[in-house]
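The analysis underlying the following values was restricted to heavy atoms, covering all of them including side chains, and did not include hydrogens, waters or symmetry mates. All chains are named by letter (A, B, ...) in the order of the sequence lines, taking the proteins before the strands, and each is independently numbered beginning at 1.
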Amino acid sequence: MVEIRLTNTRTRQKERFEPIDPGNIRVYACGPTVYDRAHLGNARPVVVFDVLFRLLRHVYGADAVTYVRNFTDVDDKINARAAETGRDIREITEETIAWYHDDMDALGALRPTQEPRATDYIPQMLAMIEDLIAKGFAYAAEGHVLFEVRRFPEYGRLSGRSLDDMIAGARVEVAPFKRDPMDFVLWKPSDADQPGWDSPWGRGRPGWHIECSAMSAELLGPVFDIHAGGIDLQFPHHENEIAQSRCAHGSEVMAKYWLHNEMLQVEGKKMSKSLGNFFTVRDLLDQGIPGEVIRFVLLMTHYRKPMDWTAEKVREAEATLRKWRGLTADIEPAASPAPAVVAALADDLNTAGAIAALHDLARAGDAAGLQASADLLGLLTDDLGDWTADGPDLTALSARMTKLRAEAKASKDFSAVDAMKQKLTDAGVEIRMSATGVELLPGSGFDAAKLERI
RNA sequence: GGUGGGUUGGCGGAGAGGUUACGCACCGGAUUGCAAAUCCGUGAAGACCGGUUCGAUUCCGGUACCCACCUCCA
């Protein structure tokens, strides 16, 4: 059995992964709030934890892993989007979920085992809130229900903060009905225009964090193996999830291992909606950057380090993938991935190390091993291969070139061949001449329009 | 102010207390009519100051700078 090691944010250490039940490994990842296209920053955890999913399936068996990633489809950002566009909330969330699936599929991410929607779990949320009140961890006030953080001594442990420090640095206005400034909302009242559900505290809607606690408990149980998400969710989202779940279930931990990916940056700054420096996955796909290339770039950097998105990385990734796809075309994959690749991934998802190991395989000419190993990273798969496969038909041009070259060899005048070569190069066509003939391949800067004029 | 993370060769980016990371670029060679592609090869690093050690880029402490979280965000 391959030993998997993961950096556990909960203990701040790299630890050996020991499943609670090797026959049923349970992973929860926080999914998107569905009101807009996913930006590239949203894609990083999806791709990174997709590799985790693939690794766990490889080591423990495909049927032994349950991966849950939610859709938060009730949120004030969605309400705001509905108000400003005049559209129906359900229409917005349905559309956004379809977009999300399209875009993440394009990046080669496997669909999780389950993708629950928050609005399908309102009864479970209400039950959990009532339970928290009954156990003395939450209180109702003015149509709200709040979690009382002072009742949970370990509040702040995941993110390494103390309540007093947080209050000292707090910049938000505190609602008057809170017993403590850090108390957070489990349930809040809705007006007539807002989505709402009947509850013991009147018509209302859930706060931000309770959906993940309710859905993970319902689908994975009160204690599960891995909880994953972006580092920006560590506080307050994950801290609050832990408080709710542990107090409701009386458990020692919510998840045994907590994994957090670092942020994506653009020009040294976090890509975020509030900074306005974000672009969506769809933007990149529309620019003609293949999903497989985006995926490769995301995997070039270890998930626990900030990564910068640059055009140079796109170029490198594309060139490497073209080379590897050429090498593995029509090759039967090896029976199992190379041990070096598995070992790299098992060492805290070292995708950069795994890619280095793939380079080793390519250099050694082990196409079968490369194909089988790349699959573990979700690369060189059939699903993602269209961008190299549907190349234009260049046979007429190569025939013309072959003829010109033969004539040139006889006449010793190569000017006509060189002129054509230059045009092809300008159009981004890669030219491979051998003794026997001419092979033309669309290269990284391929431009079909320029080809027309040759 | 509090908390967490980072600083590696021209660029990207890993691991390991002592032995070549790897990729891109560069340079040299093979190949080519010349190139491209391909193959082979060379060179190049560890922010700064201390400490531990026979030996540290790798461990410990400090300094500087950068980033993130503390407010919706992955």
Just the rounded figure in Å: distance from [atom2] of [N] to [atom1] of [X].
{"X": "A:Phe278", "N": "B:C72", "atom1": "CZ", "atom2": "P", "result": "18 Å"}
{"X": "A:Lys313", "N": "B:G13", "atom1": "NZ", "atom2": "C1'", "result": "8 Å"}
{"X": "A:Glu262", "N": "B:G4", "atom1": "CD", "atom2": "C1'", "result": "9 Å"}
{"X": "A:Asn240", "N": "B:C72", "atom1": "CG", "atom2": "P", "result": "10 Å"}
{"X": "A:Asp308", "N": "B:C66", "atom1": "CG", "atom2": "P", "result": "16 Å"}
{"X": "A:Glu439", "N": "B:U32", "atom1": "CD", "atom2": "P", "result": "17 Å"}
{"X": "A:Asn70", "N": "B:A74", "atom1": "CG", "atom2": "P", "result": "10 Å"}
{"X": "A:Asp76", "N": "B:C73", "atom1": "CG", "atom2": "P", "result": "11 Å"}

Between [options], spot the one nearest the side chain of [X], thanks.
{"X": "A:Arg161", "options": "B:C22, B:G2, B:U38", "result": "B:G2"}
{"X": "A:Glu430", "options": "B:A37, B:C72, B:A14", "result": "B:A37"}
{"X": "A:Leu264", "options": "B:C24, B:G33, B:A74", "result": "B:A74"}
{"X": "A:Met433", "options": "B:A74, B:C40, B:A35", "result": "B:A35"}
{"X": "A:Lys421", "options": "B:A35, B:C22, B:A74", "result": "B:A35"}
{"X": "A:His302", "options": "B:A36, B:A14, B:C24", "result": "B:A14"}
{"X": "A:His39", "options": "B:C73, B:A68, B:G33", "result": "B:C73"}
{"X": "A:Arg12", "options": "B:G4, B:G23, B:G13", "result": "B:G4"}
{"X": "A:Thr301", "options": "B:C73, B:A14, B:A37", "result": "B:A14"}
{"X": "A:Pro236", "options": "B:A35, B:C70, B:G23", "result": "B:C70"}

Just to be sure I understand the rule, does [X] reach a base, reach only the sugar-phosphate, or reach nothing, if contact means heavy atoms closer than 4.0 Å?
{"X": "A:Phe235", "answer": "sugar-phosphate"}
{"X": "A:Asn42", "answer": "base"}
{"X": "A:Val417", "answer": "base"}
{"X": "A:Gln265", "answer": "sugar-phosphate"}
{"X": "A:Gly41", "answer": "base"}
{"X": "A:Met300", "answer": "sugar-phosphate"}
{"X": "A:Glu316", "answer": "base"}
{"X": "A:Ile355", "answer": "nothing"}

Pairing partner (Watson-Crick or G-U wobble, both distances under 3.5 angstrom) of [N]:
{"N": "B:C72", "result": "none"}
{"N": "B:U52", "result": "none"}
{"N": "B:A64", "result": "B:U7"}

Requested in this report: Inspect the surroundings of NZ in A:Lys403 and state if more than 12 heavy atoms from other residues, nucleotides or ligands are less than 6.0 Å away.
Outcome: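 At most 12 heavy atoms, drawn from other residues, nucleotides or ligands, come within 6.0 Å of this atom.
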Query raised in the report: When you match A:His359 and A:Leu40 each to their closest nucleotide on RNA chain B, which lands nearer the 5' end?
Result: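 Upstream on the strand: A:His359.
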Query raised in the report: When you match A:Cys30 and A:Arg432 each to their closest nucleotide on RNA chain B, which lands nearer the 5' end?
Result: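 Taking each residue's closest nucleotide, the earlier one in sequence belongs to A:Arg432.
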Euclidean distance for [atom1], [N] against [M] (whole angstrom):
{"N": "B:A16", "M": "B:C11", "atom1": "P", "answer": "24 Å"}
{"N": "B:G55", "M": "B:A45", "atom1": "P", "answer": "22 Å"}
{"N": "B:C54", "M": "B:G10", "atom1": "C1'", "answer": "35 Å"}
{"N": "B:G43", "M": "B:G62", "atom1": "P", "answer": "38 Å"}
{"N": "B:U57", "M": "B:G51", "atom1": "P", "answer": "14 Å"}
{"N": "B:G13", "M": "B:A21", "atom1": "C1'", "answer": "10 Å"}
{"N": "B:G9", "M": "B:G46", "atom1": "P", "answer": "8 Å"}
{"N": "B:A47", "M": "B:C73", "atom1": "P", "answer": "36 Å"}

Report task. Could you check whether the rings of A:His260 and A:His238 sit parallel, tilted or perpendicular, using 30° and 60° as the cut-offs? Result ->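 Aromatic pair A:His260/A:His238 classed tilted.
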Requested in this report: May I ask you to decide whether A:Glu241 forms a salt bridge with A:Arg246, counting only side-chain N to carboxylate O separations under 4.0 Å?
Outcome: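 The answer is no: the pair does not qualify as a salt bridge.
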**Report entry** Ionic contact status for A:Glu3 with A:Arg5, cut-off 4.0 Å
**Finding:**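 A:Glu3 and A:Arg5: salt-bridged.
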Query raised in the report: Can you check whether A:His144 and A:Phe177 have ring centres sitting under 6.0 Å from each other?
Result: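 Ring-ring flag for A:His144/A:Phe177: true, centres closer than 6.0 Å.
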Report task. Compute the centroid of each ring, for A:His58 and then for A:Phe53, and state whether the two points are separated by less than 6.0 Å. Result ->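 They do not qualify: ring centres at least 6.0 Å apart.
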Report task. Confirm from the modelled atom types if A:Asp418 and B:G33 form a donor-acceptor pair under 3.5 Å, side chain to base only. Result ->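 For A:Asp418, whose side chain was compared with the base of B:G33, there is a donor-acceptor pair (under 3.5 Å).
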Query raised in the report: So, is A:Lys323 near the phosphate of B:A37, with a side-chain N or O under 4.0 Å from OP1 or OP2?
Result: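 For B:A37, OP1/OP2 do not have a side-chain N/O of A:Lys323 under 4.0 Å.
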Query raised in the report: So is A:Arg150 actually on top of A:Tyr155's ring, under 6.0 Å and inside 45° of the axis?
Result: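 Because its charged atom misses either the 6.0 Å distance or the 45° angle limit, A:Arg150 does not stack over A:Tyr155.
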**Report entry** Spacing of CD belonging to A:Glu439 relative to OG belonging to A:Ser398, to within rounding of 0.5 Å
**Finding:**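 Going from CD on A:Glu439 over to OG on A:Ser398, the span is 8.5 Å.
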Requested in this report: Can you measure from OG (A:Ser159) to CH2 (A:Trp258) and round to the nearest 0.5 angstrom?
Outcome: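 Those atoms lie 11.0 Å apart.
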